[in-house]
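Comments concern the structure below.
Counting convention: from 1, in listed order, for ligands and their atoms alike.
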Amino acid sequence: MSDHDFVSGSKPIGIERGDGPYLYSTDGTAYVDAGASFACTPLGHSHPAVVDAVQEQVGRLTFVDSSFPVQSREDAYAAFVASTPEGLESAWFCNSGTEANEAALKFARSATGDSTIVAATRAFHGRTMGALAATWKDTYKKPFEPLAGDVEFVPYGDSEELTAAVDDETAAVILEPIQGEGGINVPPTGYLETARELTEEADAALVFDEVQTGMGRTGSMWACQNVGVTPDILTTAKGLGNGLPVGGVAVRDWIADGAGSHNATFSGGPVVTAAVHATISTLVEEEWPAHAAGMGDYLAGELEATLGDEVREVRGEGLLVGIELKRGANRVARDLAMNHQVLALPAGRTVLRLLPPLVIDREEADQLVDALGAVVAPETDAETES
Ligand SMILES: *Cc1c(COP(=O)(O)O)cnc(C)c1O
């Protein structure tokens with residue numbers, strides 16, 4: 001089947017509880033969660049600020065629909081919008097990353113009056129009919145075709161091909177500022193700037209899918225802030241509620257004005273927005289994005305020193321790290337989990353992805369490096385130990 005058997009299939013480890021960067025199995029073994037459970041726990045598992053906010057909210061008011069103003073939603077809204085680049089002034093909460101992208105594509109069509117979407121090779125935007133249409137991998141798409149949407153794919157990172165693809169019919173260009181699932185691909189300098197210029201000239205919407213890159217992981221709250229490019233629509237989910245199911249879409253005024261009618265029953269529910277507010281406030285107040293930048297540099301340096309020629313490349317930004325292996329990533333992920341109590345994720349056939357909680361310290365980073373050394377470069381490891 002797919003190369004995701006190991007991550008989406010059943011892992012033979014029953015998880016009982018989580019604490020910071022660790023997951024504990026039913027037999028009491030501690031695992032370093034270097035996948036942060038798909039980047040969903042930037043503050044680590046069961047962070048007290050989030051747990052307290054959620055517990056307090058679920059007891060007071062579990063749900064009321066979004067037509068009623070509720071403090072937790074207003075707090076989350078203000079914190080989310082304030083965390084995004086200037087120019088993104090309104091937001092909408094949903095339930096997942098897929099749903100955030102689905103909304104983004106709808107908003108772009110309605111605000112521009114156009115319908116064509118330009119997306120990138122190796123992109124992953126989700127699995128509903130519209131988001132899936134903008135996703136690259138055939139194995140995800142083929143059985144479900146025809147999908148919704150007129151999508152043109154261009155090679156990720158190629159400014160010339162992007163320039164050739166964007167025209168007056170383009171409703172949106174949708175890009176991950178760094179591709180996650182597609183293999184932790186960092187675009188060349190100037191690529192996102194080019195996407196910005198092209199969409200502006202064509203009156204199209206620039207959509208940045210920050211479902212995986214967002215929430216401080218790359219050293220800024222949002223990866224687009226690292227390059228100073230502000231999209232028209234920014235989508236996110238995964239870490240937004242530190243494990244609670246919630247997505248968000250932040251937009252410029254011209255998108256909000258032309259967004260048309262779109263909503264969802266659970267949009268901005270009190271419990272998930274309590275989690276959003278607690279997560280964003282803690283990340284910002286305690287400056288975890290800056291910590292992620294420093295720890296990312298440290299981790300990448302140690303990985304390069306330890307793995308050396310045994311891997312093709314270590315790449316990424318902050319604590320969004322991809323290791324291009326010389327062999328299959330699934331086997332390496334399995335070995336790390338079963339024999340070294342480290343949980344990492346494959347991103348494609350030969351790339352191992354590390355997305356640890358932003359709160360890891362040097363000791364935990366060293367634990368990751370040691371485990372990887374033992375699995376990927378066992379001889380190098382033996383030499384340093386003797
Ligand atoms: C995970 C992911 C999605 C889909 O998010 P879900 O919450 O699983 O629907 C979309 N885009 C990117 C970049 C992702 O990493």
Residue portion contacting ligand 1 (non-hydrogen atoms closer than 4.0 Å) for [X]:
X    : result
F124 : both
E181 : neither
H125 : backbone

For the residue pair S37 and H45, establish whether any side-chain heavy-atom pair is separated by less than 4.5 Å.
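Result yes, sub-4.5 Å side-chain heavy-atom pair found.
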Can [X] and [Y] be counted as having a side-chain donor-acceptor contact under 3.5 angstrom?
X    : Y    : answer
E169 : S115 : no
S83  : W222 : yes
W92  : S267 : yes
Q212 : R353 : yes
T213 : E210 : yes

Subset of ligand 1 atoms that lie under 4.0 Å from at least one heavy atom of K238:
1 (C), 2 (C), 3 (C), 14 (C), 15 (O)
Taking 4.0 angstrom as the limit and counting only heavy atoms of N101, give me the atoms of ligand 1 inside it, by number and element.
10 (C), 11 (N)
Which one of D209, V246, T213, N95 has a non-hydrogen atom at the shortest distance from atom 11 (N) of ligand 1?
D209
On a heavy-atom basis, I'd like to know which of G97, S96, A39, G126 is closest to atom 5 (O) of ligand 1.
G97
To check your reading of the model: name the closest protein heavy atom to atom 8 (O) of ligand 1, its residue, and the distance in Å.
T98 OG1, 4.3 Å
For ligand 1, is there an N or O atom under 3.5 Å from any N or O atom of E176?
no
For the side-chain contact (heavy atoms from CB on, under 4.5 Å) test, which of I174, D150, V173, T170 pairs with I117?
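Single pass found, and it is I174.
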